[in-house]
Engineer: 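Before anything else, here's the structure in question.
These numbers were taken from a predicted model, which means no experiment stands behind them.
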Amino acid sequence: DLFGKVIADFEALLSEESLRLDREGGLPLGRPEVKVLGQMSLLLDPEAGRHLRLAATGDVDAHFVGNMTALQLFREALKANDLVYDEVSSEIWLPRTHRFELVHDSHTSLVTRLDTFSVLVSKANKAPEKNKFLIEQALGHYGQALEKQFRDNQINLNQFKYQKSKGRRL
């Protein structure tokens with residue numbers, strides 16, 4: 001998968017840079033964390049991929065925790081895979097009940113993804129018209145569990161048309 005390749009490339013770049021810094025007596029890179037948000041987070045969820053028609057994306061929304069050298073290496077890994085880091089990812093609104101799920105964990109880096117319901121709630125809150133088709137599909141699939149998340153975040157469900165069902169829990 002594409003993001004798996006990004007992670008492998010990022011790990012290789014981190015290892016190479018760590019060896020160089022070690023040889024030259026530089027400060028260690030530490031263990032950067034990438035918290036994937038937005039559409040890429042949905043694409044990393046196999047359940048969402050099976051039940052929702054997800055559009056491909058060329059940009060990666062993520063909160064990056066690490067130093068500038070590690071961030072530059074992450075950008076390089078994305079670019080090598082025809083993706084780009086969205087520099088305004090910090091502006092993405094997150095529901096207060098959001099959580100992150102593990103994607104990759106090694107001694108070199110940690111990669112997590114925003115949970116699917118939080119991505120959908122965020123999209124419905126900040127860009128409901130742009131994401132209407134996706135949100136209506138998701139409400140039809142996940143049903144009451146997702147509806148509850150929308151109500152808990154004061155999102156008007158009346159703006160979406162979908163077949164109500166009991167849905168499936170994540």
Engineer: Quick one: salt bridge (charged side-chain N to carboxylate O under 4.0 Å, His left out) pairs with a partner in residues 58-79, sequence neighbours left out?
Structural biologist: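 For residues 58-79, and leaving out neighbouring residues, the salt bridge (charged side-chain N to carboxylate O under 4.0 Å, His left out) pairs sorted by first residue read R75-E87.
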
Engineer: S18: what forms a side-chain hydrogen bond (donor to acceptor under 3.5 Å, both in side chains) with it, not counting sequence neighbours?
Structural biologist: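 Testing S18 for side-chain hydrogen bond (donor to acceptor under 3.5 Å, both in side chains), a comparison that skips the adjacent residues, returns none.
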
Engineer: Near E16 CD, under 6.0 Å, is it more than 12 heavy atoms from other residues, nucleotides or ligands?
Structural biologist: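 No.
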
Engineer: Could you give the side-chain donor-acceptor pairs of residues 5-13 under 3.5 Å, partners two or more places apart or in another chain?
Structural biologist:
{"from": "K5", "atom 1": "NZ", "to": "D9", "atom 2": "OD1", "distance (Å)": "3.0"}
{"from": "K5", "atom 1": "NZ", "to": "D9", "atom 2": "OD2", "distance (Å)": "3.0"}
{"from": "D9", "atom 1": "OD2", "to": "N81", "atom 2": "ND2", "distance (Å)": "2.9"}
{"from": "E11", "atom 1": "OE1", "to": "S106", "atom 2": "OG", "distance (Å)": "3.1"}
{"from": "E11", "atom 1": "OE1", "to": "T108", "atom 2": "OG1", "distance (Å)": "3.3"}
{"from": "E11", "atom 1": "OE2", "to": "H104", "atom 2": "NE2", "distance (Å)": "2.9"}
{"from": "E11", "atom 1": "OE2", "to": "S106", "atom 2": "OG", "distance (Å)": "2.8"}
{"from": "E11", "atom 1": "OE2", "to": "S109", "atom 2": "OG", "distance (Å)": "2.4"}

Engineer: Show your reasoning for whether side chain to side chain contact (heavy atoms under 4.5 Å, CB included) applies to F117 and T97.
Structural biologist: CA-CA 10 Å; F117 278 17; T97 58; over 6 Å; no

Engineer: Once you round to the nearest 0.5 Å, how far does CZ of R99 lie from CG of D115?
Structural biologist: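 Answer for the CZ-CG pair, R99 versus D115, is 4.0 Å.
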
Engineer: What salt bridge (charged side-chain N to carboxylate O under 4.0 Å, His left out) pairs are there with at least one residue in residues 121-134, not counting sequence neighbours?
Structural biologist: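 The answer is none; no pair qualifies.
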
Engineer: How far apart are the closest heavy atoms of L42 and A48, and which atoms are they?
Structural biologist: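 That would be O-CB, 3.9 Å.
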
Engineer: What is the ring orientation for H141 with H51, classed by angle as parallel under 30°, tilted 30 to 60°, or perpendicular over 60°?
Structural biologist: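 H141 and H51: parallel rings.
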
Engineer: Enter the distance from F160:CZ to L139:CG here, rounded to the nearest 0.5 Å.
Structural biologist: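 F160 atom CZ to L139 atom CG measures 7.0 Å (nearest 0.5 Å).
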
Engineer: When you group the ILVMFWY residues by side-chain heavy-atom contacts below 4.5 Å and let the links chain together, are V119 and L2 in the same group?
Structural biologist: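 Cluster IDs for L2 and V119 match.
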
Engineer: Got a sec, which pairs hit salt bridge (charged side-chain N to carboxylate O under 4.0 Å, His left out) with one end in residues 149-158, sequence neighbours left out?
Structural biologist: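 Checked against salt bridge (charged side-chain N to carboxylate O under 4.0 Å, His left out) - neighbours excluded - the pairs reaching residues 149-158 are E147-R151, K148-D152.
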
Engineer: Does Q72 form a side chain to side chain contact (heavy atoms under 4.5 Å, CB included) with T69? I'd like the steps, not just the answer.
Structural biologist: CA-CA 5 Å; Q72 185 55 39; T69 301; 5.8 Å; no

Engineer: Under 4.5 Å between side-chain heavy atoms, hopping through other hydrophobics if needed: is there a path connecting L110 to V103?
Structural biologist: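 Unlinked, L110 and V103 end up in two clusters.
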
Engineer: Sequence neighbours excluded, which residues qualify as side-chain contact (heavy atoms from CB on, under 4.5 Å) partners of N158?
Structural biologist: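 With neighbours one apart ignored, the set is N156.
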
Engineer: Rounded to the nearest 0.5 Å, what separation is found between the CG atom of L120 and the CG atom of N153?
Structural biologist: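 Going from the CG atom of L120 to the CG atom of N153 covers 12.0 Å.
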
Engineer: What donor-acceptor contacts under 3.5 angstrom involve side-chain atoms of residues 88-95, with partners at least two apart or in another chain?
Structural biologist:
{"from": "S89", "atom 1": "OG", "to": "A62", "atom 2": "N", "distance (Å)": "3.0"}
{"from": "S89", "atom 1": "OG", "to": "D86", "atom 2": "O", "distance (Å)": "2.7"}

Engineer: Can you give the donor-acceptor pairs under 3.5 Å from side chains of residues 21-29 to other protein atoms, not counting sequence neighbours?
Structural biologist:
{"from": "E24", "atom 1": "OE1", "to": "R20", "atom 2": "NH1", "distance (Å)": "2.5"}
{"from": "E24", "atom 1": "OE2", "to": "R20", "atom 2": "NH1", "distance (Å)": "3.3"}

Engineer: Do M40 and L43 have side-chain heavy atoms sitting under 4.5 Å apart?
Structural biologist: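 Side-chain contact under 4.5 Å: yes.
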
Engineer: Quick check: closest heavy atoms across D45 and E47, and the distance to 0.1 Å?
Structural biologist: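 Here D45 and E47 meet closest at OD1-N, 3.0 Å.
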
Engineer: Restricting to side-chain hydrogen bond (donor to acceptor under 3.5 Å, both in side chains), what partner residues turn up for N125, sequence neighbours left out?
Structural biologist: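 Scan of N125 (side-chain hydrogen bond (donor to acceptor under 3.5 Å, both in side chains), adjacent residues dropped) gives none.
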
Engineer: Going by the rule side-chain hydrogen bond (donor to acceptor under 3.5 Å, both in side chains), which residues pair with R31 if we only count those two or more places apart in sequence or in a different chain?
Structural biologist: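 Partners of R31 by the side-chain hydrogen bond (donor to acceptor under 3.5 Å, both in side chains) criterion, ordered by chain and then number, come out as D105.
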
Engineer: For A55, what residues pass the side-chain contact (heavy atoms from CB on, under 4.5 Å) criterion, not counting sequence neighbours?
Structural biologist: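 Here the qualifying residues are Q39.
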
Engineer: Can M68 be reached from L14 by stepping across I, L, V, M, F, W or Y side chains whose heavy atoms are under 4.5 Å apart?
Structural biologist: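 Yes, because L14 and M68 connect within a single hydrophobic cluster, where side-chain heavy atoms sit under 4.5 Å apart.
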
Engineer: Is there a continuous path of hydrophobic side-chain contacts, each under 4.5 Å between heavy atoms, that joins L71 to V60?
Structural biologist: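 In one cluster with L71: V60, yes.
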
Engineer: Taking ring-ring contact (aromatic ring centres under 6.0 Å, His included) as the test, write out the residues that go with F64, two or more places apart.
Structural biologist: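 Applying ring-ring contact (aromatic ring centres under 6.0 Å, His included) to F64 gives F74.
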
Engineer: Atom CZ in F150, atom CD in Q144: separation rounded to 0.5 Å?
Structural biologist: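 F150 CZ to Q144 CD: 14.5 Å, rounded to 0.5 Å.
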
Engineer: How long is the straight-line distance from CZ of F100 back to CG of L114, given to the nearest 0.5 Å?
Structural biologist: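 Output value for this atom pair is 5.0 Å.
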
Engineer: Determine, stepwise, if the pair L52 / Y142 fulfils side chain to side chain contact (heavy atoms under 4.5 Å, CB included).
Structural biologist: CA-CA 10 Å; L52 305 175; Y142 296 114; 4.1 Å; yes

Engineer: Distance check, rounded to the nearest 0.5 Å: D1 atom CG versus L44 atom CG?
Structural biologist: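 CG of L44 is found 7.0 Å from CG of D1.
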
